[in-house]
Structure formats: C-alpha cells, structure tokens
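First up is the structure itself, then whatever we jot down about it.
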Amino acid sequence: MKHRILFLSIAVVTLFLCFTFQAYPQGSNHKIAIVIHGGAGTILKSNMTPETENQYREKLTEAMSTGYNILKNGGTSMDAVEATIKIMEDSPLFNAGKGAVFTHEGTNELDASIMDGKTLKAGAVAGVKRIKNPINLARLVMEKTWHVLLTGEGAEKFAQEQGVELVPQEYFKTERRWKQIQDILEKEKADSAKQGIVPEKHGTVGCVALDKFGNIAAGTSTGGMTNKRFGRVGDSPIIGAGTYANNSTCGVSCTGDGEYFIRLGVAKDISDLMEYKSMSVKDAAQTVIDKLTKLGGTGGVIALDKDGNIAMPFNTSGMYRGYINKNGKPVVEIYKE
Ligand code: ASP
C-alpha cells in the first residue's frame with residue numbers, strides 16, 4: 001500500500017512538472033524589446049516644420065507601442081513586427097505601402113521581407129503593385145510556401161489565393177511623392193546628362209522585436225527608390241542584405257542605398273561579426289556602417305540582440321527611429337543627436 005501511494009505521488013508530481021515546463025517553456029520570461037526605423041536620409045531640423053515632426057513622432061510612437069503591447073501581452077516577435085510595420089505601411093508619411101515612391105514609369109512597386117530568428121525561416125516579396133500590406137504577404141510566403149522570395153505577378157497570384165487584400169495602384173498615390181517624381185523627370189528632361197537621377201531617399205520602414213520566449217523577428221518594407229527603372233529591386237526584400245534575424249545573435253533591418261546594402265550583405269554581416277568575432281551588437285552594427293561609408297553608400301540600420309541591447313547607427317543627417325527597451329518607455333529620435 002505504502003509503495004503504491006509513493007508511486008502514485010511520484011507520477012502526479014512528474015505529470016505536474018511535465019505540464020508546467022510545456023506550458024511555460026524555458027526562457028519564457030525573457031526581456032522584451034522593440035526597435036523601429038522609418039528611413040534614413042537628409043533629414044534636417046531646419047527643413048522640418050514642428051507639425052510635420054510631430055506627425056512623425058506620433059506615428060512612430062503609435063507603431064512601436066502597438067508592437068510592444070503585443071509583446072507585453074505574451075505575443076510573439078513575429079506578430080509584433082508584422083503589426084508594427086503594417087501601421088507604418090498604412091501611413092502616407094513613409095515610403096512603404098501608402099505613400100510609396102514612384103518608379104520612372106509612374107508606377108508604385110513595393111518590396112518587403114520578414115525573418116524568424118528561431119527557425120531562420122524567411123519570406124519576401126518584390127515588385128508587387130497591388131498589395132496593400134506587403135509585410136503580410138511576406139509572412140504568408142514564409143508560412144505557406146517552401147519559397148523565400150516571390151516577385152511581381154506571381155506574388156500577386158499567390159496573394160489572391162491566400163485572400164490577401166489587393167488595391168488599385170491609385171491607392172498608393174500621394175501628392176508629395178507624385179511631385180517628387182515629376183520634379184526629377186523635369187530635371188532629367190532639362191539636362192540629358194542627368195539621366196537616371198537618384199534623389200535623396202528616405203521613408204523605408206523596418207522593425208526588430210524580441211519576445212518573452214527569447215525569439216527575435218525582423219522585417220522591412222519599402223517602395224524602393226524614386227525613379228527606379230527596369231524592375232529594379234533593392235535590399236529590403238533580400239534576406240541577409242536588408243533584413244536578417246537569428247536568435248543566437250541579433251535581428252537587423254536596414255534602410256539606405258539598396259545597391260550598397262546588397263553588395264555588403266549588411267544585415268547578415270552584422271550577425272556574422274557577432275557570431276564569429278563575438279562583437280557586441282553596437283560594435284558590429286557600427287563596423288558595418290563604417291564599411292558602407294567607405295564604399296560610398298548612405299543609410300542606417302536598426303539591430304537588437306538576444307539580450308535586448310539596441311543599436312541604431314547611420315551615416316546620413318537623420319534617421320526616423322525609435323525603441324522601447326526593458327524600461328518600457330518609448331523613445332523616438334530623428335536627427336543626429
Ligand atoms: N533600401 C531601400 C531600397 O534600396 C530604400 C531606402 O531604404 O530608402 O530599395
């Protein structure tokens with residue numbers, strides 16, 4: 001009898017322990033953090049009205065607070081990144097989703113990517129013209145296909161199959177971006193030597209989040225570069241260039257001259273410096289921005305490591321950016337401080 005009671009007690013305790021560890025896996029009380037950007041470029045206080053600056057500050061705060069609340073309520077970094085980027089895509093302030101820049105032909109062609117640092121799974125879309133929220137579609141590519149990157153019409157066909165919201169091209173149009181491309185085309189006409197003018201760009205959006213399970217996710221969304229031609233695709237949908245996430249190192253989202261970011265493999269390079277050289281996230285991100293500067297490229301990155309440390313280096317005059325770390329207080333910065 002005694003043995004039987006002992007055996008039963010051990011069985012009950014074992015079952016209880018099994019249940020507890022399954023419901024609350026190890027690391028489930030990890031620090032949470034989120035970092036975002038809304039593009040880098042010539043962003044000077046002298047060119048900004050207080051109203052415009054406030055609009056940016058408010059939208060950045062709204063976007064990252066939405067993501068942070070998801071994390072605080074026990075949600076995943078993947079959900080936080082997607083929701084945060086969607087808010088910026090829906091805002092005409094940024095060069096992503098509504099408010100995307102125009103191509104040389106007067107169309108809007110959008111790129112986005114997302115990556116899961118736990119599984120190293122990733123999804124991306126490039127050159128899509130009718131997807132309201134490219135970041136949602138990038139996630140579906142990751143979750144519902146065995147591919148990583150879908151482009152143009154094929155990506156839109158997949159979107160239709162998945163019941164994703166499609167919009168007419170006019171949806172993306174904003175007067176500010178339309179005027180921007182018209183001015184460039186005028187200049188090109190006036191001076192044929194200036195063919196292929198590359199304007200100052202900013203407005204790409206990105207987010208990296210760390211959830212209570214210790215999982216990092218990163219995502220980026222953009223309309224690319226104003227006046228781009230011939231189906232040009234930048235770094236934003238390229239895993240390893242514009243976006244990367246790995247739980248054992250960090251998550252990264254980039255903004256700037258896409259061609260340079262592709263050539264340097266910026267996002268993966270930051271992760272690699274941490275992995276192979278044991279650099280801190282701050283040193284790794286700054287080292288890669290220094291390489292970018294040396295090569296002649298401009299832009300910036302946001303990066304977040306597995307312990308919640310944040311880096312946001314850039315080599316332009318400004319970068320829309322913000323973070324909420326373990327203190328839980330949103331911080332927004334725009335100019336070089
Ligand atoms: N990196 C983006 C691209 O090259 C543009 C940007 O971040 O401003 O498409």
Side-chain angles (χ1 to χ4, degrees), residues 37-53 55-56 59 88-112 126-132 134 151-152 167-205 220-237 242 254-263 292 295-300 314-320 334-336:
H37 71 76
T42 310
I43 306 168
L44 297 164
K45 203 167 176 70
S46 51
N47 294 340
M48 186 91 80
T49 64
E51 294 77 47
T52 312
E53 183 174 324
Q55 282 177 356
Y56 277 102
K59 195 46 83 175
M88 292 192 279
E89 285 180 339
D90 289 342
S91 163
L93 290 173
F94 304 101
N95 171 20
K98 180 150 190 75
V101 298
F102 284 89
T103 65
H104 186 76
E105 286 76 24
T107 56
N108 306 100
E109 297 179 5
L110 315 174
D111 307 327
V128 291
K129 292 184 181 167
R130 293 185 300 150
I131 307 301
K132 184 165 181 264
T151 65
V167 289
Q169 273 270 287
E170 300 80 68
Y171 164 81
F172 299 107
K173 185 174 177 179
T174 53
E175 275 317 307
R176 175 166 78 121
R177 299 300 190 190
W178 184 245
K179 188 177 173 319
Q180 201 176 37
I181 184 69
Q182 297 312 316
D183 288 351
I184 290 169
L185 294 177
E186 279 297 309
K187 275 185 204 146
E188 278 188 353
K189 231 195 263 163
D191 182 355
S192 56
K194 281 196 177 147
Q195 282 291 321
I197 288 176
V198 179
E200 251 314 322
K201 73 269 117 205
H202 43 76
T204 292
V205 305
T220 311
S221 182
T222 189
M225 305 267 261
T226 308
N227 203 27
K228 64 184 179 181
R229 300 182 78 173
F230 312 119
R232 179 265 186 192
V233 172
D235 60 314
S236 308
C254 304
T255 178
D257 300 318
E259 282 68 10
Y260 288 85
F261 281 74
I262 294 173
R263 288 161 62 198
L292 177 75
L295 204 63
T298 65
F314 54 96
N315 66 5
T316 48
S317 58
M319 179 166 86
Y320 298 109
I334 298 178
Y335 315 105
K336 212 154 221 155

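All figures in this text were calculated on a predicted structure; none of them were measured in a lab.
- Applying the side-chain contact (heavy atoms from CB on, under 4.5 Å) test to Q169 and every residue at least two apart in sequence or in another chain returns T107, N108, K129, F172.
- Rounded to the nearest 0.5 angstrom, Q55 CD and L93 CG are separated by 5.5 Å.
- Below 30°, between 30° and 60°, or above 60°: for W178 and F102 the angle between ring planes is above 60°, a perpendicular geometry.
- To the nearest 0.5 Å, atom CZ of residue F261 and atom CG of residue L295 are 11.0 Å apart.
- In this structure, the side-chain contact (heavy atoms from CB on, under 4.5 Å) partners of L185, at least two apart in sequence or on a different chain, are H104, I181, Q182, E188, N227.
- Side-chain contact, E89 with S221: a donor N or O sits under 3.5 Å from an acceptor N or O.
- Residues satisfying the salt bridge (charged side-chain N to carboxylate O under 4.0 Å, His left out) criterion with K59, sequence neighbours excluded, are E62.
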Check against side-chain contact (heavy atoms from CB on, under 4.5 Å), K132 and D90
CA-CA 8 Å; K132 184 165 181 264; D90 289 342; 3.8 Å; yes
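- When each of C254, S236, P237 is checked for a side-chain contact (heavy atoms from CB on, under 4.5 Å) with T220, only S236 meets the rule.
- Here E109 contributes atom CD and R130 contributes atom CZ; the two are 13.0 Å apart, rounded to the nearest 0.5 Å.
- Looking at every heavy atom in both residues, A100 comes nearest to R177 through O-CG, 3.7 Å.
- Across all non-hydrogen atoms, the minimal contact from P134 to I131 is CD-O, 3.6 Å.
- S317 contributes a side-chain N or O that, together with a main-chain N or O of G41, makes up a donor-acceptor pair within less than 3.5 Å.
- Between Y320 atom OH and T204 atom OG1 the span is 12.5 Å, to the nearest 0.5 Å.
- Listed by chain and residue number, E259 satisfy the salt bridge (charged side-chain N to carboxylate O under 4.0 Å, His left out) test with R232 (two or more places apart in sequence, or in another chain).
- In terms of the salt bridge (charged side-chain N to carboxylate O under 4.0 Å, His left out) criterion, K173 has no residue partners (sequence neighbours excluded).
- Judged by distance alone, with hydrogens and angles left aside, the side-chain atoms of K45 form no donor-acceptor pair with the main-chain N or O of I334 at under 3.5 Å.
- Taking CE of M88 as the start and CG of N95 as the end, the distance is 12.5 Å to the nearest 0.5 Å.
- Contact check on K187 versus D183 returns no salt bridge, with no Lys/Arg side-chain nitrogen under 4.0 Å from an Asp/Glu carboxylate oxygen.
- In summary, the side chains of T298 and D257 do present a donor paired with an acceptor at a separation below 3.5 Å, with no hydrogens or angles considered.
- Annotation: salt bridge (charged side-chain N to carboxylate O under 4.0 Å, His left out) contacts of K336 (sequence neighbours excluded): none.
- The shortest heavy-atom contact between A40 and T316 is CB-OG1, 3.5 Å.
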Apply side-chain contact (heavy atoms from CB on, under 4.5 Å) to the pair Y335 and I43, showing each step before the final yes or no.
CA-CA 7 Å; Y335 315 105; I43 306 168; 4.2 Å; yes
